[in-house]
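Data first, discussion second: the structure below is written as structure tokens.
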Amino acid sequence: MSGAKPLKIVLVAGEHSGDQLGFKLMRALREATGEVAFLGVGGEAMEAEGLKSLFPISDISVMGIVPVIWRLRKILARIRETADAIVAAQPDALVIIDSPDFTHRVARRVRRRLPGLPIVDYVSPSVWAWRPGRAKAMLAYVDCVLGLLPFEPEAYVRLGGPRCIYVGHPLIERLDELRPNGQEARRREAAPPVIVVLPGSRRSEIYRLMNDFGGALDVLGDAIGPFDSVLPTLPHIEEEVRARTAEWRRKPRIVTGEAAKFAVFRSARAALAASGTVTLELALAGVPTVGAYKVGKVEEQLKYLIKVPSILLPNLILGERVLPELLQKNCASRPLGAALSDLVREGPARKAQVEALGRLDRVMRLPDGRPPSAHAAAVVLETMARKAEGPRR
């Protein structure tokens, strides 16, 4: 792979989290091979690293059933446009990054037209949670999956899917930002306790969770007395969050930006959080957490298709229900506040969760200390070499 002509690799990401993974992968591929030409679809971080995106990532970064339906025509056009551009470019490899509703459709089209092109999927779809038949279907158009979670390779073997390699979660690279120093650790034990409240990053989550989260703080205050609450949020929903917390009896301090969020985590005694990656951030920070979630009536019917015992990442990684998980009708002020109270007070619930969270490092650790992006780059290059050798007997 070290000829005069540089490698040409296409990366296709569909949202901000994929853009963050993508730019680190681009950097790691360059470090591993020298000059690489990148093209595809990405956001600001990938463009800053040298990718010229075919169109703005915001064109396809939509969540939920109704928003997708509203923009379906445009999304379908972008799928065709992306596949056509990849085929025209004749690259050495295609890496699709998360956003499977978009990226997998692109990959299927490309595989039909360029059957010899190595295709790597960076971030596994949740085949282990629901619609497990997707794993076997991916054999037709994915050569290798780069898993962020340590249990994913076994899941692909069990489900008959493509080769899957655990390359590590990007949060592993950020433990210094998540873990408290001596002063911050002492603040975790001091009074009044710091309680971090995370009702989600999407407007639909804010709409469904804010009232119950505010009520949970009332229940907590009645149970334990004074506390300081902090609500980290994002700029695009800050105005709505401020308007809704104005109606809360116990008003939190609101902060924006990732650095401010991680600073709060390092001093927090406990957390109440919507299900999502933030629960893994809190777990790696060692913050005892209550996980919660509500969806609409249409989405609620999908629960019958879910094949895992928990929707919280720390519970899935550790293989046990470490974080209490309050969903749908149980995601209400009183049960949330009661569960949070148990984690703020010294007692068996808090002790058990703190001890379990201490095992995460061992479970998620990569053997050689290299960052996940370096592992991901190595597997991409290995997959290209395997594809060039032809089918293995």
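We count residues from 1, following the sequence as given. Hydrogens, waters and symmetry mates are skipped; everything else that's a heavy atom, side chains included, is used.
In this structure, Glu152 contributes its side chain and Leu149 its backbone to a donor-acceptor pair below 3.5 Å. Listed for the Asn315 side chain is a donor-acceptor partner under 3.5 Å among the backbone atoms of Val322. Looking at Asp212, its side chain never comes within 3.5 Å of a backbone N or O of Ala332 through a donor-acceptor pair. Listed for the Ser53 side chain is a donor-acceptor partner under 3.5 Å among the backbone atoms of Gly42.
Within a 6.0 Å radius of CD in Glu189, other residues, nucleotides and ligands contribute more than 12 heavy atoms. The environment of CZ in Arg359 is crowded: more than 12 heavy-atom neighbours from other residues, nucleotides or ligands sit within 6.0 Å. No more than 12 heavy atoms of other residues, nucleotides or ligands sit less than 6.0 Å from atom CZ of Arg334. Around CZ of Phe227, the count of heavy atoms belonging to other residues, nucleotides or ligands within 6.0 Å exceeds 12.
In this structure, Arg78 is positioned above the aromatic face of Phe55, its NZ or CZ under 6.0 Å from the six-membered ring centre and within 45° of the axis.
With respect to Val10, the side chain to side chain contact (heavy atoms under 4.5 Å, CB included) criterion is satisfied by exactly one of Val106, Leu94, Val41: Leu94.
Taking all atoms of both residues into account, the shortest heavy-atom contact from Cys331 to Tyr293 is CB-O, 3.7 Å. Heavy-atom minimum distance, Phe265 versus Val196: CE1-CG2, 4.0 Å. Contact record, Phe262 with Glu177: CB-O, 3.6 Å, taken as the closest heavy-atom pair.
The shortest side-chain heavy-atom distance between Leu357 and Leu323 falls under the 4.5 Å cut-off. For the pair Phe38/Lys52, no side-chain contact is recorded, criterion being any heavy-atom separation below 4.5 Å from C-beta on.
Residues Ser310 and Glu325 bring a donor and an acceptor atom of their side chains to less than 3.5 Å of each other.
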Which atom pairs, one a donor and one an acceptor, fall under 3.5 Å between side chains of residues 336-345 and the rest of the protein, sequence neighbours left out?
{"unit_1": "Ser341", "atom_1": "OG", "unit_2": "Gly337", "atom_2": "O", "d": "2.7"}
{"unit_1": "Arg345", "atom_1": "NH2", "unit_2": "Ala223", "atom_2": "O", "d": "3.3"}

Between side-chain atoms of residues 134-146 and protein atoms elsewhere (two or more places apart, or another chain), which donor-acceptor pairs fall under 3.5 Å?
{"unit_1": "Arg134", "atom_1": "NE", "unit_2": "Arg131", "atom_2": "O", "d": "3.2"}
{"unit_1": "Arg134", "atom_1": "NH2", "unit_2": "Ser126", "atom_2": "O", "d": "3.2"}
{"unit_1": "Arg134", "atom_1": "NH2", "unit_2": "Trp130", "atom_2": "O", "d": "2.9"}
{"unit_1": "Tyr141", "atom_1": "OH", "unit_2": "His104", "atom_2": "ND1", "d": "2.8"}
{"unit_1": "Tyr141", "atom_1": "OH", "unit_2": "Arg108", "atom_2": "NH1", "d": "3.4"}
{"unit_1": "Asp143", "atom_1": "OD1", "unit_2": "Lys387", "atom_2": "NZ", "d": "3.1"}
{"unit_1": "Asp143", "atom_1": "OD2", "unit_2": "Arg111", "atom_2": "NH2", "d": "2.8"}
{"unit_1": "Asp143", "atom_1": "OD2", "unit_2": "Ile119", "atom_2": "N", "d": "2.8"}

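Between Glu49 and Arg27, at least one side-chain nitrogen of the basic residue sits less than 4.0 Å from a carboxylate oxygen of the acidic one, meeting the salt-bridge criterion.
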